[in-house]
Amino acid sequence: MERPTSPDDDPRNKGRTGSLGIADLSISEKSASLKSGANLSQTTDSPSKSLCSSSSTSTENINSQDVFMMKSLRDVPKTGTDPPLLHGEKIQETAKDVTYLCPYTGGTRGTLSVTNFKLYFRSVDRDLPLTLDVPLGVISRVEKVGGATSRGENSYGIVAVCRDMRNLRFAHKQENHSRRQLFEKLTQLAFPISNKMTLFAYDFTENYNDNGWKVFDSISEFRRQGVPNDSWRVSKINEKYEFCETYPSMVAVPTASTDEDLRQCANFRSRNRLPVLSWIHPESQATITRCSQPLVGVAGKRNKEDEKYVQMIMDANAQAHKLYIMDARPSLNAVANKAKGGGYESEDAYQNAEVVFLDIHNIHVMRESLRKLKDVCFPTIDDAHWLSNIEATHWLEHIKLVLAGALRVADKVESNKTSVLVHCSDGWDRTAQLSGLAMLMLDPFYRTIRGFEVLIEKEWLSFGHKFAQRVGHGEDKHSDADRSPIFLQFIDCVWQMTKQFPNAFEFNEHLLITILDHLYSCLFGTFLCNSEKERFHKEKLKDKTVSLWSFINSQLDEYTNPLYASHIHQHVLFPVASLRRIELWTGYYLRWNPRMRPQEPVHLRNKQLLALKQQLQKKIEDLQRQVELKTSKATRLGTARVASPINV
Amino acid sequence: MEFSELIKTSRIENVTLCQPFKKSLVGILCVSGHHIMILQEEHEGNQFILLHSAVDSVEKKLSGSRGTLLLKCKNFCIIQLEIPGTEELQNVAESIEKLSNIDNLSLSYPFYHRPRFEVMEDGWQAFLLETEVTRMIGSASDDWRLSNVNKNYTICASYPPTVIVPKSVDDEVLCQSAEFRQHNRFPVLSYYHKHSGNVIMRSSQPMTGPNGKRCRADEQLLNSSLGKSGRGFIIDTRQVSHAKNAQARGGGVEPDVNYSMWKRIHQPIERRQYLHESLIKLIEACIDPSMNSDKWLSRLESSNWLANVKDVLTCACFVAQCVDKDNYSILVHGSEGLDSTLQVTSLSQMILDHDCRTVRGFEALIEREWLQMGHPFQSRCAKSAFAFTKQKFEAPVFLLFLDCVWQIWQQFPCSFEFNEDFLLMLSEHAYSSPYGTFLCNNEQERQKFKLSSRTTSLWSA
């Protein structure tokens, strides 16, 4: 979200001649400090015709491919330090003479502005101005640092703790409470919900030529999967969200079940989240279904209707006489849940079902792990113990467990043609991770850009992953125990898959990062609220806000992977879920560190490749049309004429 | 010696071959003078051939009348052969053990190998120093000349006959300087940077000794090699303490007083034995069968391999920066100038010069920096990570260099003509190859064995 004032100011875009300046040698996952550092790449025009590297003095400015490539929709700033504004955005507070304490390039003086959408800083004391452009939604906490009498330079100021792996520290002049107004404005605007105001998404009025709200429609997605069919029907039981308020309005259930069966069964499931269809195999009819935990309790209660209903799911697949129930939790946690009235299916009660525990930990463990990861990654990296520090966060181990779990689901469905029922406790966190990833492995449609949007809309948004709670949009309760990086973890797993199958995905890393940035930005309505009911029934977000997919689909070239080869990847992907293959996603977690950024403009290269690919494709089509034209002419002329070699 | 003496059992039926990530293969095991083969009579396409020289260590496991033979290869692959009959197993194990450790170079496979392709360009003649010099310096400078002072290898055994030296220095000075350097490896030109006119030189340590000897010819040679900037850095790839110890044993460093135009800097790179141990630890961590080992990263870290990679890269970057940006010439040496010195000089060229990042340019770089300058491939690559008979001379110096290249390639994916497979191929051939390129320890030996007429060069392939 930091970008150079103009692409021409960025030395990286100038002639790439000169020697390979290895500003930082990150050795596989390790960053190596070099004395040579950034200076290496200063000279850009050296006749040795070799390629030059990136890091410039204004290392804080990320290159122009970054999140807000929205030049067209920005008003031109009136003066140098005014922030460029979006439609509906207004400046609320401006503070001059503020120092931004960049952890990498040191302090720089400039103007700090707060709008109803973002925090904007622009330096005045550098040749190549440093700009910071941070949506307020990214900020999870604002604090004062030091007091009016604190000693030392830059000891008095504000720190903004961000959700995207960084903190921003500003220093103010110590006279006249110079930070007070800005601090008050910032705490008010960054947490609109806590201050009884609305999120910026409601004020954002940009028009895109694609309506992202139309990307997903459950009926057409069911139809794409071939539902309804002999064994599955679409039920309108939840049309008004009265049956289960965290479920989508349309659900697919076994044809054999009546709506009364559904009611009976839902009684036995936590928050009425009964088993419904996520995905069906186009050939074998094996399915992935999802639900919440059964309300077994300490007494070990049973529910005949639920057992019968699970049997119906098994029977809907003629290929197997067995069903796997994949419980995402560690078995200990599943047992402990009995005390709270929950639990898991006993194999005695559910004939022909095998219960498997996938050992994925809960939201609190994941939050703690990411907190540790942030400590290790930001602001500075301890080179000597980098790898063992990463290991100690257990973040990669959690990623591995989620991927391994999804892999087991996909493997049972594909290789054993057996249906799988997935659940955890409530069925909106780990369950969404598992079903989403398994579907990504099984169905090439979800590996296209539109397909991936559908996958997120379907498995995450419509099935009630509590985005508002997990992210804490616009709320100042930064230590809220409901917050957790579950969706980030899912995107990380997707990234791991794109690393292992670089030709199998239509989208690139930039799409994943953009999605994560707008998970926090509150610019689009997509990730607001906790359920479909809140989103469309109560808040009418489709009318009041813009969808993230509108923005993305109107500039697809930015997110397209030129190496995507759809024809050779129409099969199932089984990634290797081993710690030796799982890597730290440096492009996301370490992107603020200038030493960890790409050394070469790979994104530009990819765009060139993409353009070339499109050009060649067009040529093929042209030539094919010509051939067709000639053949049709030849047939019209009759067979008497000797065929020219072209027509053969 | 005849190979047949070493082969007691040359043919066993019904042997099962298991390779990682491949289907097992059942067939006839044949042991020949240079190869281990598994053949299937029904399917001719299904066969497996391995050079004895690719085997690093042999292990046997017996159970009843059957047994398993583990062949641990120098490329870190482990191949499993299930052999019926314990006597056969013993015989085969013994044969492979002996055949993979033959000392007599003339018996090695490159001398028997006849390539099936037609040689378009003889690799032995592809990178002659004369043409390389024209390419590197051309008309940019008139200050350098080719000297044949080492004709017949009389001055320095591990140097090529022809070297590049400053024009203003005559052969007599070179001879005197050679006397002053360990194993007579006097300073010669490694790279001329056209843009700045600065140079990278390489040598072995000076024999300063405890009494602080000096050699005016050596000083003259070095000072004449300085470019227009008139200043240089001496990069010592040893730790200060190492250099001090060496001084007590007759070696040492260039004293500042005698080399006033040069500044000396220590950029330590790990020595041979430590590299070897580090590689053993790395490979142990990599092949540990407990796939769910959650200690992978800390084991990787504690092998220190990546730290070694970092050290070499740091040093090479420093050199490149001095030459390109800070306008210094460079002399690199460690002790003998056979290992870390070559890593640094070749990597810094790779950083500075886009030509080295092409396939041909990289081959030229290996030829010029590693083969001609006498990196002892024969002794360094005789054994790899699985051989526990620790000999003093083995070390994955070249492998570490290739790893460094891979790291740079990772960071600059658009700047290289070659890909990962090329680097893998080179590492395989350095350890075991049907071609003669990486045989012997230096040019003199290569000439003695007449490699260029009796074997084929890898560069021809």
Side-chain angles (χ1 to χ4, degrees), chain A residues 16-37 39-43 46-54 383-394 396-397 400-401 404 576-582 584 598-602 604-606 608, chain B residues 140 193-196 265 267 285-288 291-303 305-326 347-357 403-404 406-416:
Chain A
R16 306 192 151 269
T17 52
S19 55
L20 279 180
I22 302 189
D24 193 349
L25 297 150
S26 38
I27 294 166
S28 76
E29 289 172 352
K30 176 163 181 134
S31 104
S33 326
L34 285 179
K35 284 179 191 157
S36 38
N39 297 344
L40 257 178
S41 54
Q42 288 295 306
T43 322
S46 140
S48 61
K49 277 182 285 174
S50 45
L51 278 146
C52 173
S53 93
S54 52
D383 258 358
H385 305 104
W386 171 239
L387 293 178
S388 45
N389 284 344
I390 291 291
E391 187 174 276
T393 69
H394 297 290
L396 297 180
E397 212 181 316
K400 186 202 82 176
L401 283 169
V576 180
S578 150
L579 272 178
R580 295 196 179 111
R581 290 297 294 267
I582 307 282
L584 185 73
Q599 300 258 22
E600 285 184 312
V602 180
L604 287 181
R605 180 100 169 169
N606 282 345
Q608 285 169 358
Chain B
H193 191 237
K194 271 188 201 159
H195 173 49
S196 64
I265 271 192
Q267 283 277 357
C286 288
I287 60 167
D288 187 338
M291 276 300 274
N292 281 333
S293 149
D294 52 357
K295 291 278 168 250
W296 161 243
L297 286 179
S298 46
R299 285 189 69 176
L300 182 62
E301 183 175 283
S302 62
S303 79
W305 180 259
L306 292 178
N308 293 327
V309 171
K310 191 192 83 170
D311 287 344
V312 177
L313 281 173
T314 309
C315 187
C317 286
F318 181 78
V319 170
Q321 163 146 338
C322 286
V323 169
D324 190 43
K325 299 283 158 23
D326 304 342
L347 270 176
S348 37
Q349 287 179 50
M350 167 137 255
I351 294 166
L352 287 166
D353 196 332
H354 66 104
D355 219 39
C356 300
R357 294 173 230 139
D403 194 339
C404 293
W406 184 84
Q407 301 288 352
I408 301 179
W409 173 70
Q410 283 276 302
Q411 289 194 33
F412 296 89
C414 310
S415 299
F416 287 80

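- Once rounded to the nearest 0.5 Å, the distance linking CD of E600(A) with CZ of F412(B) reads 6.0 Å.
- The side chain to side chain donor-acceptor pair (under 3.5 Å) check on N389(A) picks up nothing, with sequence neighbours excluded.
- In this structure, the side chain to side chain donor-acceptor pair (under 3.5 Å) partners of S388(A), at least two apart in sequence or on a different chain, are E301(B).
- Residue E391(A) touches chain B through both its backbone and its side chain, counting heavy-atom pairs closer than 4.5 Å.
- Residue C286(B) touches chain A through its backbone alone, counting heavy-atom pairs closer than 4.5 Å.
- Here the CG atom belonging to L297(B) is positioned 9.0 Å from the OG1 atom belonging to T393(A), to the nearest 0.5 angstrom.
- Contact detail for K310(B) and D383(A): the closest heavy-atom pair is NZ-OD2, 4.5 Å.
- Looking at A316(B), there are no atoms closer than 4.5 Å to chain A (heavy atoms on both sides), in backbone or side chain.
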